[in-house]
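Okay, structure first, notes after.
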Amino acid sequence: MSTLNEIERQFAEQLLLAVKNKEFSVTYSVLAERISTPVIPLNVGRNIENISALCHELGLPLLSAIVVNKKTGNAGDGFYPLYERLGIPTEGMSEKELCYKEQIAIRDCKEWYKLEDALCLQIGLPRPKRIWLYIKPDKAEYCLHAVESILTERYHREGDPALLSFASGELARRERYKYNVAKQGKDIMQAISWGDPGIEDSKAVFQAAGNALRIIPEGWDNQQNLVDWRDVDYIWDMKATRPFTRALHKLFATDDEKTAFEALSKAVGGRFAFISYFFFLKNPERYAVMRPQWFAKQLLKLGAPTTCTDRCTWENYQLYMAILREVRDFLQERISETITLIDAHSFVFSLYLVDEYKIAVREEGDVEANDLETRVIVAGTEGKRIAYYTTKYERKPQYRKEAIRIHGCRCAVCGFDFAKMYGDLGKGFIEVHHVVPLYSLEEETVPNPATDMVCLCPNCHRMIHRKKDGIMTVEELKRIIESRKN
C-alpha cells in the first residue's frame with residue numbers, strides 16, 4: 001500500500017475534514033494555508049497526487065479532485081494524467097467532465113473512514129454500524145476499560161504506555177511470549193519432512209510433538225498459559241502413539257483440518273487444549289489455543305456465552321474461533337496498533353483482571369444515589385440471585401486521591417474520623433462526594449478536587465442523597481445536625 005510523507009498526510013487530513021464539513025471544493029491557496037508546514041500553492045499539486053493514489057488502492061474516489069484552480073474551478077493540470085498513471089479508463093471524457101464526475105463520487109462516498117484508518121487519523125468520519133454476532137459492545141467496553149485501568153494504574157512502570165498496549169507495557173510483559181512459542185513450535189513441527197513415506201508412523205513426529213509442548217519461553221519458568229501442563233505428562237505416558245502421529249500427519253501434511261481435528265480428538269480423548277495447541281502451531285493467524293474451563297468464564301464477561309466447553313468438537317472450535325476473531329476486530333477499532341488473534345487470546349485470558357477492578361471500585365467507596373442497585377425482596381424472603389443492568393458513571397481514581405489529599409479523611413459534615421475510631425483498620429478510609437452529581441452532567445468534564453469534591457463518612461454521604469428534589473449541600477446537612485443538637 002502507498003505511504004504518504006508528513007506533508008502529504010497533513011493535506012490528506014485537511015481534505016478529509018473538508019469532506020466531513022461537506023466542502024467539496026477548495027482552492028490550492030486555501031489548502032496550502034490550512035496545513036502547519038509552509039507550502040506555496042504552486043507545490044500543492046505534487047503533494048496531493050499520492051493521496052489520490054492511496055485512495056484508488058482503498059477503492060475510494062480520487063480525493064484530489066476537490067482541489068481546484070481559483071480561476072477555472074477545475075482540477076489542476078496534473079489531475080488528468082493521474083488517470084493514466086493509475087490505469088483508470090477516462091471513457092473519452094474531458095478533463096472538466098472527469099473532475100465533475102469524481103467530485104460527485106466524493107460527495108456520495110460513505111467509506112472515507114477507510115482513508116482515516118489507513119492514515120491513523122482521528123477525524124470522526126461516519127462509518128457503518130457494526131453488527132456484533134457474539135460479543136456485546138457495552139460489556140466489552142467495560143472489560144477493556146477494566147483491564148486497562150488495572151494494568152496501567154496498579155502495575156504501571158516507568159516508560160509504560162498510558163493506554164492499553166499489546167506491544168509494550170504490562171500486558172506485553174505478561175502475554176507477548178506467545179509469539180515466541182508460536183514461532184518456536186511452528187519451526188519444530190515444520191522441520192518434519194511430512195511428505196516422506198511412512199513419516200506418519202515415525203518416532204520423530206512423536207518426539208517433535210513432545211518438544212513443541214515443552215517450549216518454555218525464557219524467564220517464564222513453566223508459568224505460560226498456552227499449555228495445560230498435564231498434557232505434557234500425558235504425551236509421554238501415551239501408550240498408543242500411532243493414532244496420534246497419524247492424526248498430526250493429517251493436520252500438517254493436508255488441508256483437511258476437520259478430519260485432522262476429529263482424528264486427534266479420538267487419539268487423545270477429546271483434550272481440547274492439547275488439540276487446539278497444535279492447530280495454533282500450524283497457523284497462529286487462524287487458530288488459537290482453547291482452554292475451555294478458563295475461557296468459558298471469561299467469554300461470559302464479554303456477553304458471549306458459548307457451548308465450546310461442552311464437547312471437544314470441530315464445530316465448537318470453529319465457534320470459539322469466530323468469537324475470538326470478533327474480539328480481535330473489537331480491539332482493532334479501539335487500539336491504534338495492529339491487533340492479531342494472539343492479542344485477542346491474551347485479552348480474553350487477561351479478563352480475570354475485571355474481577356480485580358470490581359474489588360478496586362468497591363474499595364474506592366465513591367458511591368452516588370443513581371449508582372446504587374436496589375435489592376429486591378420477594379415473598380418475604382431475601383437472597384435470591386438477581387442480575388442488574390445499571391448505568392455507571394466513570395470515575396478517575398486520581399481525582400479521588402487528590403480530593404483526600406486536599407480535604408483529609410475527616411467527614412466534612414460531622415467530623416467523624418475512621419482512623420481515630422478504628423485505628424489502622426480505618427486509616428485512610430473516607431468516601432468522596434461530587435458536589436455536582438456525575439449523572440446530572442450533560443458531557444464529560446474535568447473536576448476540581450478542591451471545589452467540586454468533598455470527603456464524607458458513609459452516613460452523611462447517604463443522607464446528602466436522600467433529598468427528594470435534588471442533592472443536599474454540605475451546609476444544609478450541617479444545619480440539620482446542629483438543629484438536632486439543640
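As a basis for the values below, the full set of heavy atoms in this structure was taken, side chains included, without hydrogen atoms, waters or symmetry mates.
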remark   = Note: H407 and M453 closest approach over all heavy atoms is NE2-O, 3.0 Å

query = Are any of the side-chain heavy atoms of V432 and V454 separated by less than 4.5 Å?
reply = no

ask   = Does any non-hydrogen side-chain atom of N283 lie less than 4.5 Å from one of F279?
value = no

query = Hey, are R127 and D117 close enough for a salt bridge, meaning a charged N less than 4.0 Å from a carboxylate O?
reply = yes

ask   = Hey, does the side chain of H249 reach the backbone of F244 with a donor-acceptor pair shorter than 3.5 angstrom?
value = no

task = May I ask you to decide if L4's main-chain N or O and N50's side chain share a donor-acceptor pair within less than 3.5 Å?
result = no

task = Give a yes or no on this: more than 12 heavy atoms of other residues, nucleotides or ligands lie within 6.0 Å of atom OH of Y352.
result = yes

query = Under 3.5 Å, is there a donor-acceptor pair linking the side chains of T340 and Y179?
reply = yes

key: Within 45° cone of F330 ring axis and under 6.0 Å: R334 NZ or CZ   = yes

Spacing of S350 atom OG and L144 atom CG [to the nearest 0.5 Å] = 11.5 Å

key: Nearest-0.5 Å distance that lies between atom CE in M290 and atom CG in L324   = 10.0 Å

ask   = Under the 3.5 angstrom rule, does the side chain of E326 hit a backbone N or O of I135 as a donor-acceptor pair?
value = yes

request  = Indicate yes or no: does R174 engage E170 in a salt bridge with an N to O separation below 4.0 Å.
outcome  = yes

query = Going by an N to O cut-off under 4.0 Å, is there a salt bridge joining K250 and D255?
reply = no

task = With the side chain counted from C-beta on, respond yes when W314 and T259 share a heavy-atom pair under 4.5 Å apart, and no when they do not.
result = no

query = Counting only N and O atoms by type, is there a donor-acceptor contact under 3.5 Å from the side chain of W194 to the main-chain atoms of T254?
reply = no

Pairwise side-chain contact, Q14 with Q10, heavy-atom cut-off 4.5 Å (strictly under) = no

ask   = What closest approach, in Å, do S52 and L82 show between heavy atoms, and which atom pair accounts for it?
value = CB-CD2, 3.5 Å

query = Is it true that K282 and E257 make a salt bridge, defined as a side-chain N closer than 4.0 Å to a carboxylate O?
reply = yes

query = Step by step, would you call V181 with Y277 a side-chain contact (heavy atoms from CB on, under 4.5 Å)?
reply = CA-CA 10 Å; V181 173; Y277 181 75; 3.6 Å; yes

inquiry  = Show the nearest heavy-atom pair for residues A53 and R85, with the distance to one decimal.
reply    = CB-NH2, 4.1 Å

ask   = Are the side chains of E13 and I123 in touch, meaning some heavy atoms are under 4.5 Å apart?
value = yes

Pairwise side-chain contact, F274 with L213, heavy-atom cut-off 4.5 Å (strictly under) = yes

ask   = Just wondering, do P61 and W112 contact through their side chains at under 4.5 Å, heavy atoms?
value = yes

key: Euclidean distance, T152 OG1 relative to L164 CG, rounded to 0.5 Å   = 8.0 Å

query = Looking only at side chains, do S346 and D343 share a donor and an acceptor under 3.5 Å apart?
reply = no

message = If the threshold is 4.0 Å, N to carboxylate O, is there a salt bridge linking E262 and K258?
response = yes

query = Considering all heavy atoms of both residues, which atom of A212 and which atom of M189 are nearest to each other, and what is their separation?
reply = CB-SD, 4.0 Å

query = How many angstroms lie between atom CG of L54 and atom NZ of K114, to the nearest 0.5 angstrom?
reply = 12.0 Å

query = With under 30° as parallel and over 60° as perpendicular, where do the rings of Y142 and Y357 fit, or are they tilted in between?
reply = perpendicular

ask   = How many angstroms lie between CG in L86 and CD in E49, if you round to the nearest 0.5 Å?
value = 9.0 Å

request  = Kindly give the heavy-atom pair with the smallest separation between I275 and C312, and that separation in Å.
outcome  = CD1-SG, 3.8 Å

ask   = Salt bridge check: are K183 and D187 linked by an N-O gap of less than 4.0 Å?
value = yes

inquiry  = I'd like to know if the side chain of S193 reaches the main chain of D196, judged simply by a donor and an acceptor atom lying under 3.5 Å from each other, with no hydrogens or angles considered.
reply    = no

message = For N5, is the CG atom crowded, meaning more than 12 foreign heavy atoms sit under 6.0 Å from it?
response = yes

request  = Take L16 and L125 through the test side-chain contact (heavy atoms from CB on, under 4.5 Å) and record every step on the way to the result.
outcome  = CA-CA 8 Å; L16 285 175; L125 290 164; 4.0 Å; yes

key: Heavy-atom check, side chain of L341 versus side chain of R286, under 4.5 Å   = no

Aromatic ring pairing F261/Y317, orientation class (parallel under 30°, perpendicular over 60°, tilted between) = parallel

query = Relative to the ring of F418, is the ring of F416 parallel (under 30°), tilted (30 to 60°) or perpendicular (over 60°)?
reply = perpendicular

inquiry  = Under the criterion side-chain contact (heavy atoms from CB on, under 4.5 Å), I'd like the reasoning laid out for R328 against V348: C-alpha separation, chi angles, the key distance, then a yes or no.
reply    = CA-CA 10 Å; R328 177 197 61 194; V348 173; over 6 Å; no

inquiry  = Using only atom types and a distance under 3.5 Å, with no angle test, would you say the side chain of S202 pairs donor to acceptor with the backbone of A204?
reply    = yes

message = Is there a side-chain contact (heavy atoms from CB on, under 4.5 Å) between I51 and L62? Walk through the geometry before answering.
response = CA-CA 8 Å; I51 299 173; L62 307 186; over 6 Å; no

Nearest-0.5 Å distance that lies between atom CZ in R291 and atom CD in Q298 = 12.0 Å

ask   = When you check the side-chain N and O atoms of E337 and S165, is any donor under 3.5 Å from an acceptor?
value = yes

key: Over all atoms of both residues, closest heavy-atom pair of V289 and F295   = O-CE1, 4.2 Å

inquiry  = Is a donor from one side chain sitting under 3.5 angstrom from an acceptor on the other, for E315 and Y320?
reply    = no

task = For the pair N21 (side chain) and L17 (backbone), establish whether a donor and an acceptor sit closer than 3.5 Å, ignoring hydrogens and angles.
result = yes

task = Before accepting this row, confirm whether a basic side-chain N of the pair E431/R462 lies closer than 4.0 Å to the acidic partner's carboxylate O.
result = yes

message = Can you tell me if D108 has over 12 outside heavy atoms packed within less than 6.0 Å of its CG?
response = yes

message = Determine whether the aromatic ring centres of residues H345 and F166 are separated by less than 6.0 angstrom.
response = no

inquiry  = Check whether K301 reaches the backbone of L351 with its side chain - one donor and one acceptor, N or O, closer than 3.5 Å.
reply    = yes

